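I have placed the structure first, in the form of structure tokens, so that the comments after it can refer back to it.
Values in this document were obtained by computation on a predicted structure and should not be read as measured data.
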Amino acid sequence: MNRFLIKSSVVAALGGLLFGFDTAVISGAVSDLVSGFNLTAESLGFTVSSALLGTIIGALFASIPGERYGRRDSLRGLAVLYFVSSVGCAVAWDWHSLLLFRVVGGLAIGGSSVLGPMYIAEIAPARRRGWLVGFFQFNIVLGILLAYFSNYVINSFNLGISEWRWMLGVAAGPAAFFFMMLFAIPRSPRWLIKQGRIDDARNVLRLTEGDCEDEVSSIIYSIKIERESGGESLFVRQHRLPIFLAISVGAFNQLSGINAVLYYLNYIFASAGFGAVSSSQQAILVGATLLVFTVVGMVTIDLLGRRLLLLVGSLGTAACLFGVALIFSVHKHEGLLLWLLMAFIAFFAVSQGAVIWVYISEVFPNSVRAKGQSLGSFSHWTMNALISMLFPMVAAVSGAYPFYFFGAMMIMQFLVVLYLYPETKGVPLEELQRQLVQRRATPEHVRDFK
């Protein structure tokens with residue numbers, strides 16, 4: 001680890017901070033938006049999930065500019081979208097304009113969920129890749145905590161009908177800062193080699209790794225194979241395991257209910273009888289828990305591995321979710337709600353939260369990594385949009401139903417990870433390429449994978 005590597009990773013991960021802030025800040029504005037625009041449960045779900053429609057598109061197509069213009073320069077374009085979305089939401093003149101600018105913000109979120117981890121994975125040494133890519137997730141949850149704290153501060157000023165505008169518009173400042181800081185980091189060395197700029201790539205790798213000739217040769221070889229084959233398609237038989245891993249880890253991340261909880265946290269507390277200020281304060285506690293245990297996940301991901309964290313997290317989140325469901329079923333013991341949600345957040349943060357972006361950035365070969373990263377993010381954001389749209393409608397019938405469903409999905413995740421997921425910690429990306437594309441998803445391969 002050196003200053004140059006840390007700076008480059010931190011700057012790229014700032015997209016994660018904006019990602020987290022923009023996705024969570026809506027939780028504090030829900031009640032004002034409902035009253036201000038006379039929203040029903042259905043239109044509330046659409047308002048919250050509207051950004052996710054843009055996120056799906058951004059995640060699906062981010063690899064195109066990422067390959068053409070490079071990961072770093074494409075992140076600059078996403079910083080501009082973050083800024084436009086924040087200012088636009090602050091000055092939105094009606095419900096439809098608000099939806100439009102939230103979609104624009106969604107494009108930035110989806111794109112940064114692909115290109116941020118990809119950039120860090122491609123610049124980081126294999127032995128530090130999990131920790132450094134995990135820093136992207138750290139910034140996501142830091143952004144979530146800052147969003148909750150920002151909402152609490154703004155709420156304390158009693159700004160009346162303009163309160164939600166301040167909540168949604170305050171991210172314009174960090175977006176501008178992110179744009180400027182991107183001029184201080186280099187391009188991805190793997191992208192530079194694909195452009196024939198081998199000396200430039202060698203200079204970057206020398207600054208991050210020191211002795212880099214083996215790494216340069218390995219990257220050149222993998223790109224040569226890709227070009228000799230005329231460009232590799234993602235959806236071919238040899239990529240079936242990486243495709244399955246990316247889609248499933250992205251989908252299960254959302255089937256835990258994490259973003260339904262984060263987006264509707266104040267709504268959930270209100271349904272249990274808590275007031276607006278009390279709900280905002282408890283949201284800060286939940287956000288702080290997410291931040292602390294994300295650090296735990298970052299520290300342990302390269303020690304314990306991705307697979308063990310997912311297994312432990314699956315069981316822990318399932319137990320907490322079933323506990324929340326019981327509270328809403330019997331309408332008793334509401335005082336335990338905060339503690340169960342904090343425990344749920346803790347188990348999520350050290351497992352799915354720490355693993356998802358690292359795992360997706362690792363499992364695909366260099367020739368299709370951008371496409372694969374987009375596919376995994378697309379799976380994540382599509383499931384996110386569906387759950388966020390449906391949650392208020394299902395919760396209106398019974399607050400317990402969504403949490404029973406999420407708990408069952410975590411039991412399913414435990415079984416899938418146990419039997420089908422390989423461990424990838426500490427393996428160079430090019431070595432993962434040689435191993436994953438040749439293996440089938442069987443329990444024997446999971447045990448033998450090294």
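Not less than 6.0 angstrom separates the ring centroid of F322 from the ring centroid of F403. Here F348 and F293 keep their ring centres 6.0 angstrom or further from each other.
Residues satisfying the side chain to side chain contact (heavy atoms under 4.5 Å, CB included) test with V34, not counting sequence neighbours, are V30, L39, L44. With sequence neighbours excluded, no residue forms a ring-ring contact (aromatic ring centres under 6.0 Å, His included) with Y404.
A donor-acceptor pair shorter than 3.5 Å can be found between the side chains of E362 and T424. For the residue pair S388 and Y264, no side-chain donor N or O sits within less than 3.5 Å of a side-chain acceptor on the partner. If you check the side chains of S43 and W95, you find no donor sitting under 3.5 Å from an acceptor. Side chains of S112 and Y82: a donor-acceptor N/O pair is present below 3.5 angstrom, by distance only.
One N or O on the side chain of R72 and one on the backbone of I185 form a donor-acceptor pair closer than 3.5 Å. Here the side chain of R71 pairs a donor or acceptor atom with the backbone of G66 at under 3.5 angstrom. Side-chain atoms of S97 do not come within 3.5 Å of backbone N or O of A92 as any donor-acceptor pair. No donor-acceptor pair under 3.5 Å is formed between the side chain of T382 and the backbone N or O of S379.
Across all their heavy atoms, N139 and V10 have their closest contact at ND2-O, 4.2 Å. Taking every heavy atom of both residues into account, V417 and R307 meet most closely at O-NE, 3.4 Å. Between W191 and R68, the shortest heavy-atom contact is CZ2-O, 3.6 Å. Taking every heavy atom of both residues into account, A318 and G407 meet most closely at CB-O, 3.8 Å.
Between atom CZ of residue F46 and atom CE of residue M389 there is a gap of 5.5 Å, rounded to the nearest 0.5 Å.
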Per-pair distances, 0.1 Å, donor-acceptor, side chain in residues 13-22, under 3.5 Å, sequence neighbours excluded:
none

Original post:
Does the side chain to side chain contact (heavy atoms under 4.5 Å, CB included) test come out yes or no for L290 and L145, once each step is laid out?
Top reply: CA-CA 8 Å; L290 182 58; L145 176 59; over 6 Å; no

Subject >> Residues T23, L262; criterion side chain to side chain contact (heavy atoms under 4.5 Å, CB included); working and verdict >> reply: CA-CA 8 Å; T23 54; L262 295 178; over 6 Å; no

**OP:** Give the intermediate values and the outcome of side chain to side chain contact (heavy atoms under 4.5 Å, CB included) for residues V312 and V350.
**Re:** CA-CA 9 Å; V312 173; V350 299; 5.9 Å; no

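Ring geometry for F179 versus F183: interplanar angle over 60°, hence perpendicular rather than tilted (30 to 60°).
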